[in-house]
Structure formats: structure tokens, C-alpha cells
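These numbers come from the heavy atoms of this one structure, side chains and all, not from hydrogens, waters or symmetry mates. These figures come from a predicted structure and were not determined experimentally. Lettering of chains follows the sequences in order, A, B, ..., and the numbering in each one begins at 1.
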Amino acid sequence: MVKEARAQRIASYVADWPKEKVTAFQQDFLAWYDEENRHLPWRESQDPYRIWVSEIMLQQTQVATVIPYFERFMAWFPTIADLAAAPEDQLLKAWEGLGYYSRVRNMQFAAQTIMEEYDGEMPRDLKSLLALKGIGPYTAGAIASIAFNQPEPAVDGNVMRVFSRLFGITEDIAKPSTRFIFEGVVRHTISPQHPSEFNQAIMDLGATICTPTSPKCEACPLAAYCLAYQMDEREKYPIKSKKTKVTPHYYLALAMQDAEGRWYLEQRPTTGLLANFWTFPLVTLDKKSYTRFKQQWEDAQTRDAGEQILELVAEDEPSLVEHLTEEVANVIWQKEVVGEIQHVFSHQKWHVLIAYGYQAEVSDDQTGWYYPTGWSDLPFPKPQQKIVEILQKQKYIED
DNA sequence: AAGGCGGGGTC
DNA sequence: GACCCAGCCTT
């Protein structure tokens, strides 16, 4: 049985760790944390809401990045009730630049659940936490231990790195099932009196000493306990398979301005990558037409740019064509390409050519047209910010 | 179990 | 430029 095999693996890892050793380990580790812990905004209280927000933000995001976002988020949405009631644009604006935007959408959904089912109070037990949208095994354990002082493991990448080195754990951390091994080992070692400090000590150690590359073992309070250190195998752990493949995507961004100085923006679909974010219209190209288009434009050939753009739009999704044909048709397109940006996501690389078009009239239907001063409330993803930067540099947009 | 989902950092 | 960091969701 799988469960038994797992239990055996766990038992073999902690076989060298009798009670006395575990106790000494906890004392050394907690003493270190007492001296060296980082002073962070969400550590100023045990408010479960603040802990929750910080843990969601800290997923795949570094502490230094999170701090200003956290302060602003708490100012904008001081309570769970405020979060539950926030308008979506403001919500995305609060998260703009942090990435993985479903995190904040799920958090709002969970906030609404807490308002309806728990009278606005964060539930304390693991099962209820786990049932909330966006709260998985790691975050549930983090909230239960940090906010409510329950001896629950909170296994994230830090824990897997630190504990794989400490115990010489050879399971592939890319496999979802490996989490159970680490949870078992943490349960064996976690301080029952100070689970909050214990779990946070792992996070601090992983961030400052037991780092992914070149760990500072000379400064580590746990070196005496560390199998990887003793075996001089610090670079061997954690063991991880997996390689990500990044697929290229090619776009033409249509930066259109009208006689009033407004720009045309559209909102992305409600699902998928960068859902509900705002960008200039993006026409999908294949690699060939992207290269050809760029080349032709750079060579300043005589063929009318607007005609080309219309063709490209016509080849694209019908919905976009329907939405844009009129605007595109009335725009006078500049023959030179304004610029090009690239942006790498975790699984996609975008190549975007920027076309600039001017519309002498003001269209009757004014939806979608924004002054730069008026679009500051709209959430822009990173590629859109890069495009705007180029337009500013070239003085298409005033700073 | 595998893939979608951002953005920042280091070397 | 290549590589590192990696939780939770949906399928």
C-alpha cells in the first residue's frame, strides 16, 4: 500500500532523531529565530486576516516585493468585509504586478464565504481553512500554525529545501505526492509549544541562510544537525526533476489615438492568462507573418500599413474583428513600427510589435477610449506597461 | 498526474 | 540569455 510505503520512508528519515535530539534541535532553532527573525509587517500581530493576506501574497513572490503591496492592500481593504465587497478593478489594481492573479480573485471569493458562513471571522480549524478557495495544504498549515498556534506543518519550497538537506530526503520535490513525506518529517520535529515560531524559523532560514544556491552553511544554526552539510552535499538537495517549456506567441499591438488624445483599450477575457486585465488590442500573428511584417515595416516599403493591419486583423479571431473593424478602418496608420517588446511568462514568451494609428475623428461610440490620466485606475499587465513605456519614450504619450 | 498561471532574481 | 525561485486550481 502506498500509505504504508510512505510511512516507512518517513520513519527511515527520522530514525536518527530520538526525542532528546528533536528537543535540542527545537531549542537551538527557536533560539536562533528569537535573535535573528526578520521584522515584517505581518508579524506585528497575530491577526489571521493579515497572516492570510501575507501568505497568499508570498506564494511565488519574494518578501521584498510583497512588503509595499501588503501595506497598500491592508490600507485599501482593512477587513475581510472590505475585501469581500471590493470592486474587481480595484482588486486587480491592488495586485497589479504581483502575478498569478487568480490568487486575489480566489481570496475575495473566500472572503465572501467567510462573511456568509463564519460571520466575518476567519475559521480556526484546518478542515474549514482548507475548504476556502485559494487555501491549499500549505496556506492552511501556515494560518493554523502562525495565527492560531496549532502544530501543523506548512510545507512550501523553503521547507522542502531546508528539510531535504537536513534529512537527506531524496524524493523528487516536483512530484505532488512528495509533500506527504515532508509533512511527516515536519510533524516529527515541529515544536508543540511554539509551532508558529518554528514554522516561521524555517521560512527565515530558507530565505537568508539555506538558500537555493550557495547556502551559507558556516552561519547556519542547524549545521550540526544537517545531513547534507555533514556529507558535504549541500548542492545536491533538493532533488527536483521537471523542466518548463516556454512557447512563443506573436502579437501586433494596436496603439490607437483619437483626435481628443484618447487611446483605445480593451479588457481581456474573463478566464485564462491575465484575465480581465486591460491592454491595447492584440492581434495574434504567427511567426512567419510577424517576421515578415517587422521586416517590411523596417524596410519602410511603400505598401499601405493600414491595409496590412486590416488584413492581419481579418485573419484573426472573428470576435476581435467584429469589435475593432470600424476603429481600425478609420485610423491612419503610421508606416513605421513604433517598437517591439518581449515578455516572458512562466510558460509563454510574448513578442509584440507596436503599431501606432491616429484617428482624426472622435467616434460616436466612445466606450473603450481613455485618456492616460483616466486609465491609471485600470489594471495593466506587465507587457502593456512595457508598451506604454515605449510610447512615452517616443513622446506619443506625455509623461 | 499534468498543465495553466506572473514576475523577479542570480550568474 | 539561461537558469533559478514554485502553491493552488482545473482538467
>> Using OP1 and OP2 only, check whether a side-chain N or O of A/H343 sits under 4.0 Å from B/dG7.
In response: yes
> If the C1' atom of B/dG3 is compared with that of C/dA6, how far apart are they to the nearest Å?
Replying inline: 14 Å
> Within the structure shown, what part of the strands sits under 4.0 Å from A/Y138 by heavy-atom distance: base, sugar-phosphate, or nothing?
Replying inline: sugar-phosphate
>> With nearest nucleotide decided by heavy atoms, which residue, A/G272 or A/Q62, maps closer to the 5′ end of DNA chain B?
In response: A/G272
>> Taking B/dG9 as the reference, what is the distance to C/dC8 when you measure between their C1' atoms (whole Å, please)?
In response: 23 Å
> Closest to the A/M160 side chain: C/dG7, B/dG6, C/dT10?
Replying inline: C/dG7
> With a 4.0 Å cut-off on heavy atoms, is A/P176 in touch with a base, just the backbone sugar-phosphate, or nothing at all?
Replying inline: nothing
>> Check this for me: does any side-chain nitrogen of one of A/R187 and A/E152 sit under 4.0 Å from a carboxylate oxygen of the other?
In response: yes
> At under 4.0 Å between heavy atoms, what does A/I56 touch on the DNA or RNA strands: base, sugar-phosphate, or nothing?
Replying inline: nothing
> Considering only B/dC11, B/dC5, C/dC9, which nucleotide approaches the side chain of A/L273 most closely?
Replying inline: B/dC5
> Checking all strands, does A/K175 fall into the base, sugar-phosphate, or nothing category for heavy-atom contacts under 4.0 angstrom?
Replying inline: nothing
> Could you state the CG-C1' distance from A/N158 to C/dG7, rounded to the nearest angstrom?
Replying inline: 12 Å
>> Applying a 4.0 Å non-hydrogen cut-off, can you work out what A/L274 is touching in the nucleic acid: base, sugar-phosphate, or nothing?
In response: sugar-phosphate
>> Let me spell it out: for each of A/S346 and A/S177, pick the nucleotide of DNA chain B with the closest heavy atom. Which residue's pick is nearer the 5' end?
In response: A/S177
> Can we say A/E218 and A/R234 salt-bridge, meaning some charged N sits less than 4.0 Å from an Asp/Glu carboxylate O?
Replying inline: yes
> Considering only side-chain heavy atoms of A/T65, which listed nucleotide, B/dG8, B/dG6, B/dG7, is closest?
Replying inline: B/dG8
> Any Lys/Arg nitrogen of A/K386 or A/E389 sitting under 4.0 Å from an Asp/Glu carboxylate oxygen of the other?
Replying inline: no
> Have A/R43 and A/Q200 got a donor and an acceptor in their side chains that come within less than 3.5 Å?
Replying inline: yes
> According to a strict under-4.0 Å criterion, is A/H347 in side-chain N/O contact with OP1 or OP2 of B/dG4?
Replying inline: no
>> Give me the distance, rounded to whole Å, that separates C/dC9 from B/dG8 when you measure between the P atoms they each carry.
In response: 24 Å
> Of the nucleotides B/dG6, C/dC5, B/dC11, which has the atom closest to the A/T213 side chain?
Replying inline: B/dC11
>> Walk me through whether A/Y250 and A/W350 qualify under ring-ring contact (aromatic ring centres under 6.0 Å, His included).
In response: CA-CA 6 Å; A/Y250 302 92; A/W350 282 17; over 10 Å; no
> Do A/Y264 and A/L353 share a hydrophobic cluster, counting only Ile, Leu, Val, Met, Phe, Trp and Tyr and linking them when any side-chain heavy atoms are less than 4.5 Å apart?
Replying inline: yes
>> Less than 4.0 angstrom between a side-chain N/O of A/T139 and OP1 or OP2 of C/dC8, yes or no?
In response: yes
> Looking for any heavy atom pair under 4.0 Å, which part of the strands does A/Q59 touch: base, sugar-phosphate only, or nothing?
Replying inline: sugar-phosphate
> B/dG6 and C/dT11: how far apart are their P atoms, nearest whole angstrom?
Replying inline: 16 Å
>> Just N and O in the side chain of A/K349: are any of them under 4.0 Å from OP1 or OP2 of B/dG6?
In response: no
> Any side-chain N or O of A/R161 under 4.0 Å from OP1/OP2 of C/dA6?
Replying inline: yes
>> By the 4.0 Å heavy-atom rule, please label A/S102 as base, sugar-phosphate, or nothing.
In response: nothing
> Which part of the nucleic acid, if any, lies within contact of A/K240, taking any heavy atom under 4.0 Å across all strands shown: a base, the sugar-phosphate backbone alone, or nothing?
Replying inline: base
